[in-house]
Amino acid sequence: MHDVYIFNTMGRNIQLFKPLHEGSVGFYGCGPTVYNYAHIGNLRTYIFEDTLVRMLKRFGYEVTHVMNITDVGHLSSDDDTGEDKMLKSARERGQSVLEIAQFYTDAFFRDTERLNIQQPKIICKATDHIQDMIELIKRIEANGYTYFAGGNLYFDVSKFDRYGELAGLQLDQLKAGARVELDPNKRNPFDFVLWFTKSKFDKQALLWESPWGIGYPGWHIECSAMSMKYLGEQFDIHAGGVDHIAVHHTNEIAQSEAATGHKWVNYWMHAEFLVIDKGKMSKSSGSFLTLESLIDRGYDPLDYRYFCLGGHYRSQLSFSWEGLDQAKSARLSLVDKVLALKEKVAKPAALSELGEKALQYRSAFDEALADDLAMPRAMAQVWNLLKDNDVPAQDALALILDMDEVLGLDLAKAQRKEVSVDPETLQWINSQIERRAAAKKARDFATADAIRSELIAKGIQLEDRPEGTVWRLHE
RNA sequence: GGCGCCGUACCCAAGUGGUAAGGGAGAGGUCUGCAAAACCUUUAUACAUCGGUUCGAUUCCGAUCGGCGCCUCCA
């Protein structure tokens, strides 16, 4: 097992990762609220989490990855003035909440699959765990951390000493929320709702019985309840986007530890934003790009995955079409190199028999991974390996495929796109190639070049190799 | 108003107290009838600005300018 260092938001420094149970990792990643499509900024975070899990597995850990699906309780604001996002979406589209949730859940996993993101071991829906949430809230209440006001059960942050530690919040800066419309029921602006029974919006189907009345859970409680259910009352790593630090995760910590009386999560990891036009991508600002829209523009989802691998997860990454083009070129080049290696050697070397040079690259690659998931440095090693002519081809192939277990670029399955061309076109192309070969033989280069031009105009690029002419689709 | 982050070549992006990884793009070359592909070489004399600490700073400290994020739903 390899030592792994990660940046812990709690403490804001890089720490040696020590799992609760040797050899295994309990990992909870905040999942999507399924009221709309995920945009590529959201997807960056899931690519990060996937890379993290792959890295831990590479170093010998057994990872139990849990992800929630938020299909209720996530309000458009954190007091009772907000409307539930799911209900709002359902109302606007004239569909049931169930239909909306299912539709966008499917869309989400279709995206993650196309990005070669491995499915979490456990995927849990909030609506399937209402009872777990109620039980947890009862514990919080029994421990004296709650109060009931205006029909809702609130968490009283003043009762929790360490409130705000994750984000470095200071409770005495209450006026910080001056811009926000305050919920008059709250004793403290940072208090948050555990259970709603009252809201000005029509709740219809999404209501459950509870000790506090018929209603629905606050947003934060689902992550506490479900993570504890599947990972235990204390577990190793909890990850999400940086936007969750100050509110969502801060509140999760407060309620979780208020319920159990002990520490909940050991390491907090947060992915920075994808920014576009000097701002984060968001559903409201109009800068909303889905994976589908990238595909429509001719990109492979893995181009985007490669793009994300180019920046460190704790740094904002600037998205631009030019940047995506660059990632696409680089990825295609990588695929070409792997294909060339595959053509060169019958089969890759066994990892246990790698030569010294290859082992050096492997070691440097692993060092980068183990140093807070430094993917840009890891990628540099990939390229250094591929450029080094002193590494035997079978070693290089074995190692690049080994590295790809973490990169997730699907290099093992890499193949030339040309295989998808229909037989008729194929026959035509081959006949053109034969005509050109004949012209070349007769030293009629004008005709030969004309044929080549005609093909390139149709997106077919010829390559004269020593063993004969081959072609490829040209983009 | 409070808290935090960032500013590295044409673009994306690492990194270090002792003068800068990698990728894309560009340039030159080898090969080729010519291309393409491949390969080779090449592309940052002040790493935003101004001070300070230091033998020495891009890397540490302070200020300034610019950008971003969170504090409000948000990955």
Side-chain angles (χ1 to χ4, degrees), chain A residues 12 29-33 35-36 38-49 74-79 81-85 88 164 167-170 172-181 189-190 219 239-248 250 270-275 278-285 306-307 309-320 322-331 333-334 336-337 340 364 368 374-384 387 389 440 443-446 448-449 452-453 456 461-466 469-472 474:
Chain A
R12 312 265 167 162
C30 279
T33 301
Y35 69 106
N36 201 338
H39 62 239
I40 59 175
N42 299 320
L43 293 171
R44 179 190 187 196
T45 297
Y46 299 108
I47 290 171
F48 150 65
E49 291 176 3
H74 194 169
L75 304 189
S76 54
S77 83
D78 197 39
D79 51 46
T81 61
E83 183 174 9
D84 186 283
K85 286 191 166 185
K88 185 161 178 275
L169 301 178
Q170 248 94 62
D172 54 4
Q173 292 172 333
L174 298 189
K175 56 189 171 192
R179 272 167 55 205
V180 187
E181 187 186 345
F190 287 134
W219 171 38
V242 285
D243 53 319
H244 280 154
I245 295 171
V247 178
H248 186 47
T250 287
H270 293 93
E272 254 295 352
F273 282 130
L274 178 78
V275 298
K278 294 177 181 174
K280 68 171 179 172
M281 181 164 291
S282 73
K283 292 170 183 175
S284 52
S285 72
Y306 186 98
F307 176 82
L309 258 24
H312 188 90
Y313 77 91
R314 279 193 291 117
S315 295
Q316 292 181 351
L317 182 59
S318 331
F319 178 85
S320 66
E322 186 189 2
L324 189 58
D325 282 338
Q326 293 173 0
K328 178 180 179 174
S329 295
R331 191 191 132 257
S333 167
L334 182 60
D336 276 347
K337 284 182 165 50
M375 294 317 291
R377 272 199 283 146
M379 288 307 296
Q381 292 308 319
V382 168
W383 287 106
N384 288 337
K387 281 190 305 190
N389 296 319
K440 279 178 67 177
R443 301 197 67 79
D444 178 6
F445 296 122
D449 290 351
R452 189 174 59 204
S453 300
I456 194 77
Q461 175 74 58
L462 298 184
E463 286 179 31
D464 292 335
R465 299 191 182 189
T469 300
V470 298
W471 60 276
R472 61 193 335 205
H474 180 80

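Below, chains carry the letters A, B, ... as their sequence lines are ordered, and counting in each starts from 1.
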K.L.:
What are the two closest non-hydrogen atoms of A:G41 and A:M281, and how far apart are they?
P.N.:
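Closest approach of A:G41 to A:M281, heavy atoms only: N-SD, 3.8 Å.
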K.L.:
Distance criterion of 3.5 Å, no angle test: do you see the side chain of A:N36 paired donor-to-acceptor with the base of B:C73?
P.N.:
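No such pair is found, so the answer is no.
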K.L.:
State, yes or no, whether a side-chain contact exists between A:D336 and A:R472 at a heavy-atom distance under 4.5 Å.
P.N.:
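Counting from C-beta outward, A:D336 and A:R472 do come under 4.5 Å.
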K.L.:
With a cut-off of less than 4.0 Å, is there a side-chain N or O of A:N384 near OP1 or OP2 of B:G23?
P.N.:
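Looking at the OP1 and OP2 atoms of B:G23, neither is under 4.0 Å from any side-chain N or O of A:N384.
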K.L.:
At under 4.0 Å, does any side-chain N or O of A:K387 touch on OP1 or OP2 of B:G23?
P.N.:
yes
K.L.:
Please determine, for the side chain of A:H39, which listed nucleotide (B:A75, B:A25, B:C71) has the closest atom?
P.N.:
B:A75
K.L.:
Measure from the side chain of A:Q461, starting at C-beta and using heavy atoms only, and say which of B:A36, B:G33, B:C34 lies closest.
P.N.:
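So the side chain of A:Q461 is nearest to B:A36.
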K.L.:
Give the rounded distance in Å between these two atoms: CG of A:L309 and C1' of B:G23.
P.N.:
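A:L309 atom CG is separated from B:G23 atom C1' by 12 Å.
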K.L.:
Between B:G4 and B:U41, how many Å separate the two P atoms, rounded to a whole number?
P.N.:
47 Å
K.L.:
Watson-Crick or G-U wobble partner for B:C31, using a 3.5 Å limit on both distances?
P.N.:
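By the stated definition (distances under 3.5 Å), nothing pairs with B:C31.
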K.L.:
Measure the shortest side-chain to side-chain distance between A:I40 and A:F307 over non-hydrogen atoms and say whether it is less than 4.5 angstrom.
P.N.:
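With C-beta onward as the side chain, the pair stays apart.
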K.L.:
Would you confirm whether A:T250, through its side chain, and A:I245, through its main-chain N or O, come within 3.5 Å as a donor-acceptor pair?
P.N.:
yes
K.L.:
Taking B:U45 as the reference, what is the distance to B:A75 when you measure between their P atoms (whole Å, please)?
P.N.:
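Pairwise P distance, B:A75 against B:U45, rounds to 42 Å.
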K.L.:
Could you measure between the two P atoms, the one in B:C40 and the one in B:G33, and give it in whole Å?
P.N.:
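Their P atoms lie roughly 22 Å apart.
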K.L.:
Partner of B:C10 by Watson-Crick or G-U wobble geometry, both contacts under 3.5 Å, or none?
P.N.:
B:G24
K.L.:
In Watson-Crick or G-U wobble terms, both distances under 3.5 Å, what is the partner of B:G69?
P.N.:
B:C3
K.L.:
When rounded to the nearest Å, what value does the distance between P atoms of B:A20 and B:U53 take?
P.N.:
25 Å
K.L.:
Output the single nucleotide from B:C40, B:A75, B:C71 whose closest atom is nearest the side chain of A:F190.
P.N.:
B:C71
K.L.:
A:H270 NE2 to B:A75 C1': how many Å, rounded?
P.N.:
10 Å
K.L.:
Rounded to whole angstroms, how far apart are NE2 on A:H312 and C1' on B:A13?
P.N.:
12 Å
K.L.:
Provide the distance between the two C1' atoms, one in B:A63 and one in B:A44, to the nearest whole Å.
P.N.:
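26 Å, rounded to whole Å.
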K.L.:
Are OP1 or OP2 of B:C70 and a side-chain N or O of A:K280 less than 4.0 angstrom apart?
P.N.:
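Affirmative; the distance criterion is met.
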K.L.:
Tell me whether the side-chain N or O atoms of A:R44 pair up with the base of B:A75 as donor and acceptor below 3.5 Å, since no angle test is needed here.
P.N.:
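Such a pair does not exist between side chain and base.
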K.L.:
What's the closest nucleotide to the A:W219 side chain, out of B:G15, B:G33, B:C73?
P.N.:
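Per side-chain heavy atoms of A:W219, the pick is B:C73.
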K.L.:
Does B:C11 have OP1 or OP2 sitting under 4.0 Å from an N or O in the side chain of A:S320?
P.N.:
no
K.L.:
Would you mind pulling out the nucleotide paired to B:G17, Watson-Crick or G-U wobble, both distances under 3.5 Å?
P.N.:
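The answer is none; no pair meets the criterion.
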K.L.:
Assess whether one donor atom and one acceptor atom, taken from the side chain of A:R452 and the base of B:C34, lie less than 3.5 Å apart.
P.N.:
yes
K.L.:
Any idea how A:H248 and A:W219 line up, ring-wise: parallel (<30°), tilted (30 to 60°), or perpendicular (>60°)?
P.N.:
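Answer is parallel, since the angle falls under 30°.
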K.L.:
Looking at B:C40, B:A75, B:C11, which one has an atom nearest to any side-chain atom of A:E322?
P.N.:
B:C11
K.L.:
Starting at atom CD1 of A:I245, determine the distance to atom P of B:C5, rounded to an integer number of angstrom.
P.N.:
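It is 11 Å, rounded to the nearest whole Å.
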K.L.:
Just to be sure I understand the rule, does A:H244 reach a base, reach only the sugar-phosphate, or reach nothing, if contact means heavy atoms closer than 4.0 Å?
P.N.:
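Result for A:H244 = sugar-phosphate.
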K.L.:
If the threshold is 4.0 Å, N to carboxylate O, is there a salt bridge linking A:K328 and A:D325?
P.N.:
no
K.L.:
Given the C1' atoms of B:U43 and B:C5, what is the spacing between them in whole Å?
P.N.:
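Pairwise C1' distance, B:U43 against B:C5, rounds to 31 Å.
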K.L.:
Over all strands shown, is A:A330 touching base, sugar-phosphate only, or nothing at heavy-atom distances under 4.0 angstrom?
P.N.:
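A:A330: backbone/sugar contact only, no base atoms under 4.0 Å.
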K.L.:
Please tell me which of the listed nucleotides, B:A37, B:G69, B:G23, lies nearest to the side chain of A:F273?
P.N.:
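So the side chain of A:F273 is nearest to B:G69.
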K.L.:
Could you work out the separation of B:U19 and B:C55 based on their C1' atoms and round it to a whole Å?
P.N.:
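It works out to 15 Å between them.
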K.L.:
What is the base-pairing partner of B:G51, counting Watson-Crick and G-U wobble geometry with both distances under 3.5 Å?
P.N.:
B:C61
K.L.:
If B:G56 has a Watson-Crick or G-U wobble mate with both distances under 3.5 Å, name it; if not, just say none.
P.N.:
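Per the H-bond distance test, none.
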K.L.:
Salt bridge check: are A:K280 and A:D243 linked by an N-O gap of less than 4.0 Å?
P.N.:
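No, this pair does not count.
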K.L.:
A:L169 has an atom CG; how far is it from atom P of B:G1, in whole Å?
P.N.:
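For the pair A:L169 CG and B:G1 P, the rounded distance is 19 Å.
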K.L.:
How would you label the contact of A:Q381 with the nucleic acid (heavy atoms, under 4.0 Å): base, sugar-phosphate, or nothing?
P.N.:
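If one applies the 4.0 Å heavy-atom cut-off, A:Q381 turns out to touch nothing in the nucleic acid.
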K.L.:
Are B:G22 and A:W383 stacked, with the base six-membered ring and the side-chain ring centres under 5.5 Å apart and planes under 30°?
P.N.:
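The base of B:G22 is not stacked with A:W383 (the test needs centres under 5.5 Å and planes under 30°).
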K.L.:
To the nearest Å, give me how far apart NZ (A:K328) and P (B:C11) are.
P.N.:
22 Å
K.L.:
Under a 3.5 Å cut-off for both contacts, is B:U45 paired Watson-Crick or G-U wobble with anything, and if yes, with which nucleotide?
P.N.:
none
K.L.:
Before giving the answer on side chain to side chain contact (heavy atoms under 4.5 Å, CB included), spell out for A:M379 and A:Y306 the whole-Å C-alpha distance, their side-chain angles and the decisive distance to 0.1 Å.
P.N.:
CA-CA 10 Å; A:M379 288 307 296; A:Y306 186 98; 3.3 Å; yes
K.L.:
Which comes earlier along RNA chain B counting from the 5' end, the contact point of A:R314 or that of A:R331, where each point is its nearest nucleotide?
P.N.:
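Residue closer to the 5' terminus by nearest nucleotide: A:R314.
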K.L.:
Within the side chain of A:R44, is there an N or O that forms a donor-acceptor pair under 3.5 Å with the backbone of A:E272?
P.N.:
yes
K.L.:
Between A:Y313 and A:I47, is there a side-chain heavy-atom distance shorter than 4.5 Å?
P.N.:
no
K.L.:
Among B:G69, B:A37, B:C12, find the nucleotide with the atom closest to the side chain of A:L317.
P.N.:
B:C12
K.L.:
Can you tell me how far P of B:G24 sits from CG of A:D325, to the nearest Å?
P.N.:
13 Å
K.L.:
Say you pick atom P in B:C61 and the same atom in B:C6; how far apart are they, in whole Å?
P.N.:
11 Å
K.L.:
Is there a donor on the side chain of A:Q316 or the base of B:C6 sitting less than 3.5 Å from an acceptor on the other?
P.N.:
no
K.L.:
Would you mind telling me which residue lines up with the more 5' stretch of RNA chain B, A:S318 or A:Y306, judged by nearest nucleotide?
P.N.:
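Its nearest nucleotide lies further toward 5', so the answer is A:S318.
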K.L.:
Go through the N and O atoms of the side chain of A:D449 and the base of B:G33, and report whether any donor-acceptor pair is under 3.5 Å.
P.N.:
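Indeed there is one.
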K.L.:
What contact category does A:G41 fall into here, base, sugar-phosphate, or nothing, at under 4.0 angstrom with non-hydrogen atoms?
P.N.:
base
K.L.:
For the side chain of A:V247, starting at C-beta, report the closest nucleotide among B:A14, B:C71, B:G33.
P.N.:
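Ranking B:A14, B:C71, B:G33 by closest atom to the A:V247 side chain puts B:C71 first.
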K.L.:
In whole angstrom, what separates A:D444's CG from B:C34's P?
P.N.:
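The distance from CG of A:D444 to P of B:C34 comes to 16 Å, rounded to the nearest Å.
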